[in-house]
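Have a look at the structure below, then the notes.
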Amino acid sequence: MSSLSRELVFLILQFLDEEKFKDTVHRLEKESGFFFNMRYFEDCVTNGEWDEVENYLSGFTKVDDNRYSMKIFFEIRKQKYLEALDKHDHAKAVDILVKDLKTFSTFNEELFKEITLLLTLGNFRENEQLSKYGDTKTARGIMLLELKKLIEANPLFRDKLQFPGLKNSRLRTLINQSLNWQHQLCKNPRPNPDIKTLFTDHTCGQPNGSRAPSPATSSLMGSIPKVGGFPPLGAHGPFQPAPAPAPTPLTPPLAGWMTNPASVPHQTVSAGPLGLTVPSNAASMLKHPRTPSTNNLAMDYQTADSEHMLKRSRPFGISDEANNMPVNILPISYPGQSHTHTLYSSNDLPKTVVVKLAQGSAVRSMDFHPIQHTLLLVGTNIGDITIWEVGGGERLVLKNFKVWDLGSCSVPLQASLANESTASVNRVTWSPDGSICGVAYSKHIVHIFSYYGGDDLRNHLEIEAHIGNVSDLAFSQPNKQLCIITCGEDKTIKVWDVVTGSKQYTFDGHEAPVYSVCPHYKENIQFIFSTAIDGKIKAWLYDNLGSRVDYDAPGHSCTMMAYSSDGTRLFSCGTNKEGESYIVEWNESEGAVKRTYHGLGKRSVGVVQFDTTKNRFLVAGDEYLIKFWDMDNVGMLMSTDADGGLPASPCIRFNKEGTLLAVSTNENGIKILANADGVRLVRLIESRAHDASRSASGTVAKGPVMGTYGASSSAAGTSIGDRSAIVPAMVGLNGDSRSMPDVKPRILDDSDKSKVWKLTEINEPSQLHSLRLPDTLLAVRIIRLIYTNSGSAILVLTYNAVHKLWKWQRNERNPTGKACTSVAPQLWQPSSGILMTNDISETNLEDAVPCFALSKNDSYVMSASGGKISLFNMMTFKTMTTFMPPPPAATFLAFHPQDNNIIAIGMEDSSIQIYNVRVDEVLA
């Protein structure tokens with residue numbers, strides 16, 4: 001189906017939803033397979049409508065499509081089976097077992113047997129793994145969290161979970177515009193024409209009763225006729241000639257912002273659209289009404305946003321209402337659906353205080369981890385950096401401010417530190433994949449940390465980025481290269497390579513200290529918005545040609561900008577010198593304020609902070625309150641004081657799912673607010689942490705966890721009681737060759753060294769635990785052994801050149817999924833059953849020196865047993881390549897810490913070779 005046909009389906013879906021054809025909406029969603037309505041799916045699961053749940057899913061995936069789909073269907077059918085057992089409906093349970101669960105026996109016979117044995121129990125909770133199964137409602141809620149994560153991780157659902165941003169009644173609007181166009185082509189147009197059908201083109205009858213020729217079949221020449229009752233399209237109609245090419249290609253959404261600003265006086269940005277020109281021959285546009293210019297940005301239906309198209313299709317002085325004038329049968333105002341398809345209410349907002357964290361110093365900035373949604377990064381006024389697991393209220397990491405290499409600092413920075421050794425944090429933020437985080441300080445420098453999970457946060461880069469205060473930082477990926485953008489008191493914006501710390505660009509043009517940066521991309525064009533404390537807004541491309549935009553923020557306020565999570569809507573929030581605050585939505589195509597929200601204070605203390613979530617809600621901390629807005633309504637939706645104790649302008653931050661909201665308090669603390677999903681998530685983590693602490697103080701658990709099915713791993717394995725999250729770990733050989741999880745810290749903090757090497761004195765036998773790893777393969781002497789970098793598996797190389805991998809699963813008995821003795825790991829193999837086996841042809845195993853190395857992201861293993869060197873994929877066990885046959889044979893191997901394609905090879909003849917796998921070339 002073509003792109004336009006696909007978009008037509010979305011328009012029909014919106015129309016059906018507005019007309020309340022609910023059954024038809026969901027049937028079309030399923031049959032088209034274009035949009036998976038998560039809210040409808042959640043309702044079906046919550047209500048236990050299992051037949052409809054599977055029927056709806058069938059439009060998007062089948063049981064055996066991939067491991068995520070298999071686990072989705074397994075969890076649903078397992079829950080249905082357990083509910084039947086809980087009701088003592090054994091006949092129904094047997095029916096489910098035979099018809100629904102039997103299919104999984106092909107992948108794991110033992111697991112199916114375990115499930116079958118539940119029929120013999122008076123209460124299935126007698127099974128150890130199901131002992132914590134609560135009531136039906138709670139169990140469905142826990143399962144729903146798991147299903148949502150599986151669906152989001154499933155590649156078959158990619159680009160199907162978000163409905164495109166449409167204005168209300170978009171299909172009706174397009175029909176109105178078409179009728180306006182048809183009516184404008186009438187030779188004798190009548191005022192207020194009566195439209196009786198949409199089945200044929202509209203024409204106004206001739207005075208003598210004849211009909212005007214259809215615009216679909218007649219070539220129109222001459223000037224535009226005058227129209228009564230409909231606004232003329234005029235010079236700014238949809239078929240205007242393409243503008244002259246700009247020196248640098250720009251995306252349609254940026255065209256209005258970046259239309260030759262030097263030729264236009266820099267007025268307040270809300271004053272109106274800029275950069276529109278009147279074509280010299282408007283009549284020429286009408287010669288081919290069915291074939292608009294392909295260069296016309298305004299008519300690029302697949303990419304131009306709806307507001308852009310509507311603005312361009314009317315002349316100055318004509319309002320939206322006039323342009324969409326009703327044509328008798330077509331009303332213009334339709335209540336109901338707003339900008340996005342998914343409907344939320346204020347009940348979806350996090351309003352319940354579930355956790356209180358004692359930070360110990362005033363919070364200046366916060367950011368939730370992009371993947372682990374309950375990890376919160378916090379920076380304070382004394383330079384402390386903290387990572388919290390908010391679910392259990394546990395402080396995982398605490399780092400105090402410290403310059404790592406004072407000797408390399410500039411003289412001004414050393415002088416500043418001599419006067420005061422601490423610095424305040426201005427901004428903390430995670431990279432898009434959560435593998436690193438950045439911190440901007442009030443004194444010159446930026447710190448970049450590598451995060452390896454848990455309490456493992458390591459120093460990576462220290463950059464003296466600006467002279468004086470570093471106001472903000474953000475991550476970006478121009479040219480698919482991860483960079484960090486900073487701005488500061490020296491009035492500049494700078495772009496740095498995250499791996500090496502080298503400076504890539506410097507943007508100079510602001511006349512006041514730069515307050516914030518907002519990088520973004522549209523249609524493969526990367527750009528950066530920047531704001532200064534004098535209220536100026538500029539935009540930059542990654543070049544050295546200067547700013548493309550120079551406008552004023554509302555009220556000349558000190559402003560921050562942010563996009564909605566789907567990247568389609570731009571907002572800003574700021575406060576001016578008089579304390580008056582503004583929160584607005586921008587029309588990117590015009591460079592104008594589209595909507596100004598009401599409810600912010602007129603005497604704010606400090607710059608008001610804000611955030612967005614769910615592509616639907618805005619939140620700001622103001623007047624000792626947390627204030628919420630619906631993006632489509634200017635009036636404040638609601639406010640809350642979070643049980644009191646908030647400062648005048650608190651720091652606020654949503655997690656990625658919008659289920660949790662962190663807010664700073666007066667007493668140097670943080671409150672975590674949650675909606676219903678967030679409450680369940682926090683309680684689940686709390687219970688797991690509690691169970692883990694109990695099991696750690698108890699005896700070794702009895703028996704192994706029930707096995708997995710199919711081609712699963714520790715990340716995707718399934719047991720009867722397992723609700724662990726699924727996080728796909730498949731990456732390219734090098735993915736981003738500058739992947740930060742593979743970067744070794746440049747300078748280690750002394751405090752880290754003391755923690756790493758702190759010795760534990762062992763005095764009692766009870767402090768030691770042992771575990772024999774289960775092995776179903778041929779027992780062969782182990783030659784090499786290593787833990788994976790994640791700490792969740794053990795990889796060994798045996799005498800006969802075969803690799804074996806044992807993985808620990810994450811479950812209630814082992815919530816971290818790390819190696820331990822309380823739970824036995826499983827000998828893991830892919831569903832293909834292949835083994836990772838080194839080349840040993842023409843090799844004497846007695847004389848060989850086996851060696852192997854594991855990439856830092858645990859995705860690849862390089863190994864040799866006296867023969868060729870092999871590179872294996874740890875997810876599939878497939879041999880990706882073999883190289884360097886002996887002699888001499890390899891005796892030691894190592895991956896480059898920053899590039900998985902570069903390996904060092906120690907040879908039996910005492911030489912060392914540096915080899916590039918990608919180009920199959922020895923570098924040195």
Side-chain angles (χ1 to χ4, degrees), residues 67-68 70-72 74-76 78-79 81-82 104 107-108 110-115 117-118 124-134 138-150 153 372-374 389 391-392 453-454 680-729 769 771 773-774 788 790-794 805-828:
R67 62 192 180 109
Y68 300 106
M70 186 178 295
K71 195 171 191 324
I72 289 169
F74 177 80
E75 291 292 343
I76 292 169
K78 181 181 72 175
Q79 180 64 31
Y81 177 67
L82 294 178
F104 299 103
F107 304 98
N108 195 320
E110 292 301 318
L111 179 60
F112 181 73
K113 290 179 180 178
E114 293 279 359
I115 294 174
L117 289 175
L118 297 179
F124 63 80
R125 294 174 181 80
E126 296 173 20
N127 181 285
E128 182 181 0
Q129 295 185 56
L130 296 172
S131 59
K132 293 182 175 60
Y133 183 96
T138 303
R140 288 177 182 174
I142 294 173
M143 180 189 67
L144 190 55
L145 289 174
E146 173 75 355
L147 292 178
K148 289 171 68 175
K149 292 177 181 178
L150 287 168
Q372 301 180 52
H373 298 151
T374 56
E389 170 50 76
R680 285 193 291 269
L681 178 62
V682 170
R683 297 295 178 245
L684 180 62
I685 294 175
E686 285 178 344
S687 64
R688 286 180 173 178
H690 179 65
D691 292 343
S693 62
R694 288 196 308 173
S695 62
S697 61
T699 58
V700 178
K702 298 178 181 179
V705 176
M706 291 187 184
T708 62
Y709 65 81
S712 56
S713 67
S714 60
T718 301
S719 66
I720 289 180
D722 182 23
R723 296 285 187 197
S724 60
I726 302 297
V727 179
H769 298 278
L771 177 70
L773 304 186
T788 58
S790 65
S792 62
I794 288 178
L805 181 66
W806 281 270
K807 290 187 176 184
W808 275 263
Q809 291 191 58
R810 182 186 292 119
N811 51 47
E812 292 183 355
R813 296 168 62 191
N814 183 19
T816 65
K818 302 294 185 181
C820 63
T821 57
S822 60
V823 175
Q826 293 181 344
L827 181 63
W828 190 83

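These numbers come from the heavy atoms of this one structure, side chains and all, not from hydrogens, waters or symmetry mates.
When all heavy atoms of Val823 and Leu771 are compared, the closest pair comes out as O-CD2, 3.7 Å. Taking every heavy atom of both residues into account, Ile685 and Gly392 meet most closely at CG2-N, 4.1 Å. Taking every heavy atom of both residues into account, Leu118 and Leu82 meet most closely at CD1-CD2, 4.0 Å. Taking each heavy atom of Asn811 and Arg813 in turn, the nearest pair found is OD1-N, 3.0 Å. Leu773 and Pro825 make their closest contact through CD2-CG, 3.5 Å (heavy atoms, listed as atom of the first residue, atom of the second, distance). When all heavy atoms of Ala793 and Leu805 are compared, the pair lying nearest together is CB-CD1, 3.9 Å.
For the pair Trp808/Thr816, no side-chain contact is recorded, criterion being any heavy-atom separation below 4.5 Å from C-beta on. Residues Phe74 and Leu150 have side chains not in contact (no heavy-atom distance under 4.5 Å, counting atoms from C-beta outward). For the pair Ile115 and Tyr81, the minimum side-chain heavy-atom distance is below 4.5 Å. Counting heavy atoms from C-beta on, the side chains of Asn127 and Leu117 never come closer than 4.5 Å. Within the 4.5 Å cutoff, the side chain of Gln372 has no heavy atoms near those of the Glu389 side chain.
Taking 4.0 Å as the cut-off between side-chain N and carboxylate O, Lys78 and Glu75 count as a salt-bridged pair.
Under the side chain to side chain contact (heavy atoms under 4.5 Å, CB included) criterion, Arg140 pairs with Trp50, Gln79, Glu83, Thr136, sequence neighbours left out.
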